[in-house]
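Worksheet for the structure shown next.
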Amino acid sequence: MSSDYSLLLADDEKVIRDGIQRILSREKYQITLVENGAQAWELLQKKPFDLVLLDIMMPVLNGLDVLEKVQAGFPDQIVLIITGHATVELAVEAMKRGAYDIITKPFTPDQLRLVVRRALEKRALQIEAERLRQEQEKSLKDIATEKGRIQTIIHCMASGVLVTDRDKNIVLHNPASIHLLKLPSLNLLGNPLPESSELKLLSEAIGQVLTHGEGPSVISQEFSLGQDDPVYLRAHTAAVQGDSEEMLGSVTVLQDISYLKALDQMKSEFVAMVSHELRAPLSAVQQQISVILEGLAGEITPKQSELLNRSKERVNGLLELIRNLLDISKIEAGIQFQQKEPLQLLSFIQKTIELLTPQAETKKQTLLLEADSSLPWINADPQAMEEILTNLIHNAIKYTPEGGVIQVLLKPEADYLLLQVKDNGIGISPQDLPRIFDRFYRVKNEKTRQIVGTGLGLPIVKRLVEAHLGYVQVESHPDRGTCFKVLIPSIPTERDSHDSHPSQTE
Ligand code: ADP
């Protein structure tokens, strides 16, 4: 046993004091000896001892009285009572007052050592329990501090934060989220997001990320709230999983992007205005070049003809850019492509393929069309569909080397009509893939250097598809090819009459 234990022995008989000290000296305890209860009590008030041995019969203050005071002032103090008059009553009385044990005189050295050792074992347990209690208290304090710190940070964030458990019930939110989502702050905790058509998308995203194993684990989306003065929000919703990948809940971070939308709109309006102003003079230049080229303004030399042809090509490129810019501005302003009607896409595809076949033939490419025998009707704007098809097939031809194959596929897929344009061309690297739908984004590498374009074709496709409540997806592998999938919601038709003309739903 450790020699660090401190013992206090109070006995009025010197022989006993010395005897006990001798018996315990082997253990190397630090023993303090006093002659009576009063001295013992005085010392105990100054510092605690690991064990106190008290004789009962002592002058000034007897052992039982000291024991009573000790229990009242220091209830954890372990006390052994030494007595020469062991009666049952006395033993009961000592125990009642809180003694740990009693040892009766005369005792053998072994008896004393055993009782002291047991008492000190209890003291060791007491010390260990106290250490654990302090440790637990400290870690609880640390957790509380950490929790408080995180809560303060979340509370002060300008972005909205919304945390749910795995049953979609809100467990944490900050003032920004309440403000951005225009939520009532009462009764939010413990309940799912209030049901409203405006919050449906967000609610669905939370549901999707919580569906463990299925669907994406992060969903980013933009949506608006409010009619008259709408707030545009960008929401990133992510699943929160535990160490063993069990689903714990979801976190959504919300940002107000209204100012970005306003800026974007200003930029679009400016681009539209400039494009519009440029179109007329450029068309005039194009026409006049054609007039000169046709020799209507007098004869021209072959060299002049070559230079004029090059200029005409450049002007055509500029006019194409302007046309795209105006298209995208109109789509964004919601002016164009709103004349939807029930359509069978197949006939459009056939026409577009016919138109683009000569272009593919110049590159010795094969342009194939495969269509399911029974295709659903879609509610779509014919002009928009033509634009989507032309852009995708045109890109496939452009970005596929000579002799390549371009496959166009049309088939139903769940509640959608799938249009797929697949090529075995140069492909797109994983770094570029997420950006190809951004305005003006063009992949720049050795293989694309010679290919002309505006970087507006795919943004137009994406916006048009979205205006039809559809999706566009892309999969690509460098040097192996690219596959674009466009999904447009199909019109539900009466059973057994899927070839009949469906009633218009708009
Ligand atoms: P661009 O006018 O440059 O063709 P798009 O918006 O239509 O503009 O396309 C953006 C970029 O995506 C292109 O510059 C090209 O790098 C890449 N891209 C589009 N379609 C394909 C395809 N079928 N194969 C490989 N790359 C493609």
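Remember, it's 1-based here, ligands and their atoms both numbered in the order they're listed.
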Q: Answer yes when R131 and E128 have at least one side-chain N-carboxylate O distance shorter than 4.0 Å, and no when they do not.
A: yes

Q) Is any NZ, NE, NH1 or NH2 atom of the basic residue among E313 and R310 found under 4.0 Å from an Asp or Glu carboxylate oxygen of the other? A)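 Salt bridge between E313 and R310, a charged N being under 4.0 Å from a carboxylate O: no.
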
For ligand 1, which atoms, with element, lie under 4.0 Å from some heavy atom of [X]?
{"X": "L456", "answer": "6 (O), 8 (O)"}
{"X": "V443", "answer": "14 (O), 16 (O)"}
{"X": "F484", "answer": "20 (N), 23 (N)"}
{"X": "K398", "answer": "1 (P), 2 (O), 4 (O)"}
{"X": "G427", "answer": "25 (C)"}
{"X": "G457", "answer": "5 (P), 6 (O), 7 (O)"}

Less than 3.5 Å between some nitrogen or oxygen of [X] and one of ligand 1, yes or no?
{"X": "Y441", "answer": "no"}
{"X": "V452", "answer": "no"}
{"X": "L458", "answer": "yes"}
{"X": "P459", "answer": "no"}
{"X": "T454", "answer": "yes"}

Q | Residue pairs passing the salt bridge (Lys or Arg N to Asp or Glu O under 4.0 Å) test where at least one lies in residues 252-272, sequence neighbours excluded | A | E222-K261, D264-K267, D264-R439

Looking only at side chains, do [X] and [Y] share a donor and an acceptor under 3.5 Å apart?
{"X": "T145", "Y": "D142", "value": "no"}
{"X": "S244", "Y": "E246", "value": "yes"}
{"X": "Q134", "Y": "E130", "value": "yes"}

(Q) Checking side-chain hydrogen bond (donor to acceptor under 3.5 Å, both in side chains) between R133 and each of Q136, E135, E137, which is the one that passes? (A) E137

Looking only at protein heavy atoms, identify the closest one to [atom] and say how far it is in Å.
{"atom": "atom 14 (O) of ligand 1", "result": "Y399 OH, 3.2 Å"}
{"atom": "atom 7 (O) of ligand 1", "result": "N395 ND2, 2.8 Å"}
{"atom": "atom 3 (O) of ligand 1", "result": "R442 NE, 2.4 Å"}

Q.
Within this structure, what is the CD1-CG distance for the pair I388 and L464, rounded to the nearest 0.5 Å?
A.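 Answer for the CD1-CG pair, I388 versus L464, is 5.0 Å.
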
Q. Looking only at non-hydrogen atoms, which of D423, I428, I436 approaches atom 18 (N) of ligand 1 most closely?
A. I428

Q.
Suppose we screen for ring-ring contact (aromatic ring centres under 6.0 Å, His included). Which residues come up paired with Y416, at least two apart in sequence or across chains?
A.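 Only Y471 meet the ring-ring contact (aromatic ring centres under 6.0 Å, His included) criterion with Y416.
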
Q: Could you tell me whether a side-chain N or O of T301 sits under 3.5 Å from a main-chain N or O of Q304, the two making a donor and an acceptor?
A: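 It does hold such a pair.
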
